[in-house]
Amino acid sequence: MKLSISGVGKNFGAVRALDRVDLDIAPGEFVTLIGPSGCGKSTLFNMLAGLLEPDAGGSILLDGKAGALLGRTAFMPQRDLLLPWRNVLDNALLPCEIEGLPRASSRARAEKMAVDFGLRGFEKHYPQQLSGGMRQRVALMRTFMFERDLMLLDEPFGALDALTRSMMQRWLLDIWERYRRTILFITHDIDEAIFLADRVVVMSTRPGRIKLDRPIELPRPRDAHLLTAPEFTAIKRELLDAVEEESLKSFSA
Amino acid sequence: MLRAALPILLLFALWEAAVIGLAIDPFYLPSIRVVAAAMQAQAPFYLDAYLVTLSEAALGFAMGGLVGVGSALLFTRLPVVKDMVLPIFIVSQTVPVIAFGAIVVLWFGNTLMAKAAIAFYLTFFPVTINTLAGIAAVDPRQVALLRSFGARQGAIMRKLLLPSALPRIFTALRLSASLALAGAIVGEWFGATRGVGAMLLAAMFNEQIVSLWASILVAAAVGGTLFAAVALAERAMVFWREEL
Ligand SMILES: Nc1ncnc2c1ncn2[C@@H]1O[C@H](COP(=O)(O)OP(=O)(O)OP(=O)(O)O)[C@@H](O)[C@H]1O
Ligand SMILES: [Mg+2]
């Protein structure tokens, strides 16, 4: 699904959270979004998910068409927000239930998908019985079960330790190749942003704007060795400079 | 089961030890063995009182629980109704239960429904308030997530708000279990001939100390039964809470 964002801004009372954001995303693309804390990344996602209206003048088009966005994109918020009274499978089935899809076929699909998501044998477990990495995979699986071409993932691996995180990154790329969705992915981790993306978008300090839009032409499939390759470090240096500049601004502001 | 029985047995042992050890006048506290013997001698009579009061309290409790939860859901769905009706609920609670009981017995006569109505009167309000508090405490990000899946009010209510509020609903229900018993007993004070409340009154007026203590034990049994039922339901429905 093609996404076109143009002139999207947001004020919260006197706080200008997001300035004018223009961004186009092609079908099947994996775009990562980095920027200082509080620059309006989650706010942008909330607007893309239809939970929040952009200020007048901004437009969000899906496949060139405007219209209600609620229920059009698969949104994964910053927290896993699993329901403690539902087991793994039932948590993942939540969006299908809300959509009113036939129960048996959704369930069969979820059981198959649980294998891909490394949750086999844990289908009947409750969120409280899972590790942080597993909870995150359940939340991600729930997002995949909501079959939408555009996925919005807000720091899905933010709370994980470095080791689990790099495993999850490779795993997500694998899943992405298999299910082929368009992904917009927020992160604070520059390595992660480069490793995953077709394009890294850097945002400025609040009020957030697009500061840099850097295509990543590294070959796929990608593996852990890439992180130490010279091409990778060159891109990283470039992005670090941009991010550093913004972070300094946010501290002196 | 054993965990519940043990403290009770311990209490009885203490009671007996105190009566014997401190040589307490039976007028103030008769021996538990004497009380037990009296209850055994008139078992059908005490069993009848237990069942009568239990059904009154349970009926009122069930109505109070349903109306409490139902009204809170309605208030959440239609805030206008909440603004109109909740103040009436609050004012209703300022009428003392005794005054309310007199009116209800006038209306319903000496029926099961009259006592249940009084039990209901004492129970629904804490349930309403706690259900509302439970719903208010739901994480708005959780609601946003469901909305992003295209969920409407009804689905959000069923799949998120109500289950999230369950722990607080059960807190209220446990409180309401003993209130329902108090309501049923008060209801029986307006001329009932059967039930724990009637038995208590008769024992008091006739200074039948043993019978008075026996009535208290029967009342405790009714309260314990209601409480145990709530606790069982809670364990089945709110199984996730202890792990939070
Ligand atoms: N509902 C709201 N009401 C008022 N202000 C808000 C609201 N939501 C966000 N903000 C403000 O808007 C700004 C951007 O917030 P947002 O959550 O989008 O940042 P972010 O880039 O996602 O930050 P982080 O990286 O820490 O998650 C912040 O200053 C925040 O305080
Ligand atoms: Mg955020």
Side-chain angles (χ1 to χ4, degrees), chain A residues 42-43 45-53 67-88 90-101 106 124-130 135 138-140 142-148 150-155, chain B residues 65 68-70 72-73 76-77 79 127 130-174 230-244:
Chain A
S42 297
T43 304
F45 267 28
N46 281 325
M47 291 190 287
L48 295 178
L51 295 165
L52 204 62
E53 281 296 314
L69 292 166
L70 270 180
R72 301 284 310 278
T73 58
F75 168 57
M76 176 175 171
Q78 217 161 338
R79 299 285 182 81
D80 62 56
L81 300 177
L82 298 175
L83 300 176
W85 55 86
R86 282 174 172 254
N87 64 28
V88 165
D90 289 335
N91 261 295
L93 282 166
L94 182 65
C96 305
E97 277 176 31
I98 289 171
E99 274 191 278
L101 298 180
S106 310
K124 294 272 145 60
H125 282 56
Y126 286 87
Q128 311 79 270
Q129 303 169 308
L130 302 178
R135 290 179 64 113
V138 179
L140 212 49
R142 181 182 59 195
T143 318
F144 273 83
M145 287 294 290
F146 192 52
E147 290 190 304
R148 296 295 181 272
L150 177 61
M151 304 189 70
L152 307 169
L153 311 179
D154 194 347
E155 293 194 46
Chain B
V69 173
L73 293 182
T76 308
R77 191 83 183 253
V127 180
N130 274 281
T131 309
L132 282 175
I135 288 173
V138 171
D139 188 342
R141 292 172 304 182
Q142 203 80 260
V143 179
L145 177 70
L146 263 69
R147 291 214 306 131
S148 83
F149 294 138
R152 295 176 193 282
Q153 269 286 322
I156 293 175
M157 194 83 91
R158 266 178 293 121
K159 294 188 191 297
L160 178 63
L161 302 186
L162 186 60
S164 299
L166 275 181
R168 295 216 198 189
I169 292 176
F170 272 103
T171 305
L173 287 179
R174 267 183 275 139
V230 175
L232 273 177
E234 181 171 12
R235 197 168 325 156
M237 293 173 75
V238 200
F239 57 90
W240 72 88
R241 177 155 69 159
E242 54 229 290
E243 288 144 319
L244 262 187

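Letters A, B, ... are given to chains in the order of the sequence lines, protein chains preceding strands, and every chain is numbered from 1.
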Work out which heavy atom in B:Val238 is nearest to a heavy atom in B:Pro167; give both atom names and the distance. CG1-CG, 3.7 Å
Region of A:Leu51 in contact with chain B, defined by heavy-atom distances below 4.5 Å: both
Which region of A:Phe75, side chain (C-beta onward) or backbone (N, CA, C, O), has a non-hydrogen atom less than 4.5 Å from a non-hydrogen atom of chain B, or is it both or neither? both
Can you tell me how the ring of B:Phe239 sits relative to the ring of A:Tyr126, calling it parallel under 30°, perpendicular over 60° and tilted otherwise? perpendicular
Regarding A:Glu97 and A:Arg86, does a basic nitrogen lie under 4.0 Å from an acidic carboxylate oxygen? yes
Identify which part of B:Leu166 has an atom lying under 4.5 Å from any heavy atom of chain A, answering side chain, backbone, both or neither. neither
Is atom CE of B:Met237 surrounded by more than 12 heavy atoms (other residues, nucleotides or ligands) closer than 6.0 Å? no
Heavy-atom pairs under 4.5 Å with chain B, option from A:Leu70, A:Leu52, A:Thr73, A:Leu152 with the top count: A:Leu70
